[in-house]
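Sequence lines set the chain letters: A, B, ... in the order given, protein chains first and strands last, and positions in each chain run from 1. Basis for what follows: all heavy atoms, side chains included, without hydrogens, waters or symmetry-related copies.
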Protein chains: 2
Amino acid sequence: MAKRVKLLDVAKAAGVSQGTASNAFGKPDLVRPEVRERIFDAARELGYRGPHVMARMLRTGKAGALGVVFPDNLEYAFSDPVAIELLRGIGRECAHHGVNVMIISAENPEQAITAVNNAAVDAFLVHCYSDNNDIIKAIQRRNQPLISIDTDIAGAAGTVVLDDFAAAKNAAQHLLDCGASKFAILSLQATEHDHFGPMSPNRLGAASHRVVRERLAGYHTALEAAGIAASDVVHIECDNQSGHSAKMTTELLADHPEIDGILAMSDVIAIGAIDAARAIGRKMPGDLKVIGFDGIQAGERTDPPLTTMHQDSVEKGRLAAEMALSGEPGKTIMLETSLLLRGSSQESSA
Amino acid sequence: MAKRVKLLDVAKAAGVSQGTASNAFGKPDLVRPEVRERIFDAARELGYRGPHVMARMLRTGKAGALGVVFPDNLEYAFSDPVAIELLRGIGRECAHHGVNVMIISAENPEQAITAVNNAAVDAFLVHCYSDNNDIIKAIQRRNQPLISIDTDIAGAAGTVVLDDFAAAKNAAQHLLDCGASKFAILSLQATEHDHFGPMSPNRLGAASHRVVRERLAGYHTALEAAGIAASDVVHIECDNQSGHSAKMTTELLADHPEIDGILAMSDVIAIGAIDAARAIGRKMPGDLKVIGFDGIQAGERTDPPLTTMHQDSVEKGRLAAEMALSGEPGKTIMLETSLLLRGSSQESSA
DNA sequence: CTGAAAGCGCTTACAG
DNA sequence: CTGAAAGCGCTTACAG
């Protein structure tokens, strides 16, 4: 293995100083064209591979990359359609700024902390549900800008969230308008600890995930205005996988056949619910109305197609990346959702 | 802005040498516990943030990250279900090794070269269709291990591909067995230059993408064995998006109503084909048989569900990452596919 | 187990 | 526009 050719070798061969050679690569305008060419020729001849990335990073302090962390669901992030849309938006904005995207990968929370500490990035984007998390503390210790997505983190350089309360309120109102009167809520996990199935009032009150808290409040607000107490609503906590929510829904509808309105906190969950309800012969939307949350593509292909509260996850990711890259003071952006009407809540007019 | 606390400051405060302080963080076993604690205390007191990542990288030459490059479809990679599965496998293996995943992001090929040069990574994983590419040259100039996925790159440290020939041959054979006799092939792009619609014999012969070349050869081999010449098969080049392939299929079936077998090079393309065929009233599988390629989840929800050649893209990505991280000599892995039988090729027995 | 020293390869003030 | 020098912050032989 030959010794690596470095800038000084090139400079010597070209008969210039190291500084000038550096400029030829990094700031070509500062070097006279003929000298620049001489330097490039020397580089080619010696087999110089261009400035060493890590050395430049150390010197300039810039990593040229944004770190993306999914503390709640590390492996899972690459399966959730919504996370992928987020990543697409992040990737788009990073590409625009000529910055790479570093996905912090780990098998468990402890490893994630190491992974965060080993990542050469200029800022972190954190997608998580809960603000109380060792991984977040590890990031904050690094003292780099942190943009939080979908939850509030104290001291974040920026925050992008949804108006989850309004979205959930509108979702419940829509099912009320469609005539539903006996409700079940299929909730996302309320805390980091796995817990599936019926939610006790205790558990309902203990939701540490901002998204869950806000959406529950929104659903309840609309229902209570229609005279339906939260205690009369069946709450089921689901894993965010259609297979799992299908199982939960089968049990739900066996125990509570009177349910005629299902409020699902994600489309993935809603899709499982529709599958399960159809399998046991429930007619939708006549017999049972379902509304999801997110607006993923797969919702177009359920039977019936899924009515949902649509959010623009791509834009959410893009905005977060933009905040991270702009270096502006920390602000909070709250995005709106819109009702995406399909067949699972009312007969299509088509 | 206070000056950054560095290791030497901590060492002085703890009354040890810089080397010992370094060991306390990086190789704790080499430092006596009581000394170690003294160092950690000093670090805490001074607000030391832990060893500087970039400095360590420069010194050790290890980046602790794997670069992933999609030269053909930079933004598109986060939309294609198959690319996402690949990424999931890569992420899984990287997490296992405590290595982060760096996605090289760029808006155009030129930017991609810069992005490659700015990426602090230990090796590159390249997913591409064609081996002749400026981005690949840029990577090779960096002289780091390069694992190529889905195509052969000369000098790669490793290669992971599918047995595309056998897969396509089996796909065509299956439709023959189901009774199809008039075929159309919906092909992926054959070269990097956009070209959609009917393929001339010229274009067929010029396919620079390995995947397209192999699959065409496989389809043709099976069809020719059944007495069907390649020149009697309609070839259409599609963008890998269901909306686009749907349009192409509508035209195809208008021009060639006799077609009763569609061989699609991806499930995404096949899904569009099924949608289009159903929209104009073609009965599947009775009237028209369709087989896809990949085995993505969305294929379960078409009407009828999509028969396809299933590949394990997650494993493909995982294997590629494993090769990159093992540092073993370059070898080639060829993965098999399997027929995934659903309703688009024959009546289900259910 | 500990300390003193070298050096990873570059970029950037600074002086000309 | 060019050159000489400092230093980014660390880890790792090396000698004890």
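- The pair Arg88(A)-Glu85(A) fails the salt-bridge criterion, with no side-chain N (NZ, NE, NH1 or NH2) lying under 4.0 Å from an Asp/Glu carboxylate O.
- Pairing each heavy atom of Ala112(B) with each of Ile104(B), the nearest pair is O-CG2, 4.3 Å.
- As a whole-Å value, the separation of Leu30(B) CG from dT2(C) P is 9 Å.
- In DNA chain C, the stems built from three or more successive Watson-Crick or G-U pairs (distances below 3.5 Å) are C:1-3 with D:14-16, C:5-12 with D:5-12, C:14-16 with D:1-3.
- Nucleotide dC1(C) holds its P atom 15 Å from the CZ atom of Arg38(B), rounded to whole Å.
- Nearest heavy atom pair, residue Ala120(B) against residue Met54(A), reads CB-CG, 4.4 Å.
- Atom-to-atom, CG of Asn23(B) to C1' of dA4(C) comes out at 14 Å; the value is rounded to the nearest Å.
- Under the 4.0 Å criterion applied to side-chain N and carboxylate O atoms, Glu34(B) and Arg38(B) are not assigned as salt-bridge partners.
- Contact annotation: Lys27(B) side-chain N/O to dT11(D) OP1/OP2 distance is not under 4.0 Å.
- Across all strands shown, Asp9(B) has no heavy atoms under 4.0 Å from either base or sugar-phosphate atoms.
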If you apply the rule side-chain hydrogen bond (donor to acceptor under 3.5 Å, both in side chains), what do you find for Asn23(B) with Arg36(B), and how did you get there?
CA-CA 9 Å; Asn23(B) 284 336; Arg36(B) 208 195 303 153; over 6 Å; no
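- Listed nucleotides: dG3(D), dG3(C), dT2(C). Nearest to the side chain of Arg32(B): dT2(C).
- Atom-to-atom, CZ of Arg4(A) to P of dC8(C) comes out at 11 Å; the value is rounded to the nearest Å.
- Taking atom C1' in both dT12(D) and dG16(D), the straight-line distance is 16 Å, to the nearest Å.
- The separation between Gln18(B) atom CD and dT11(D) atom P is 9 Å, rounded to whole Å.
- Residues from residues 41-63 of chain B lying near DNA chain C, meaning a heavy-atom separation below 4.0 Å, are Leu58(B), Arg59(B) in numerical order.
- When rounded to the nearest whole Å, the span between CG of Leu8(A) and P of dA6(D) equals 15 Å.
- Of all heavy-atom pairs between Ala324(B) and Leu125(B), the closest is CB-CD1, 3.6 Å.
- Rounded to an integer number of Å, the gap from Arg142(A) CZ to dG9(D) P is 14 Å.
- The same atom, P, is picked in dA6(D) and in dT2(D); the two are 23 Å apart, to the nearest Å.
- A centroid separation of 6.0 Å or more is found between the aromatic rings of Phe78(A) and Phe70(A).
- Considering only side-chain atoms of Ser17(A), the nucleotide from dA4(D), dT12(D), dT2(C) that sits closest is dA4(D).
- For an aromatic pair to be called close, the ring centres must be under 6.0 Å apart, and Tyr48(B) with Phe40(B) fails this.
- A salt bridge does not link Asp9(B) with Lys6(B): none of the charged nitrogens is closer than 4.0 Å to a carboxylate oxygen.
- Remark: P of dT11(C) and CG of Asn118(B) are 11 Å apart, rounded to the nearest angstrom.
- Spacing of P atoms, dA5(D) relative to dC1(D), comes out at 24 Å, to the nearest Å.
- Side-chain atoms of Thr20(A) lie closest to dT2(D) of the nucleotides dG9(D), dT2(D), dG3(C).
- Residue His97(B) places its NE2 atom among more than 12 non-hydrogen atoms of other residues, nucleotides or ligands, all under 6.0 Å distant.
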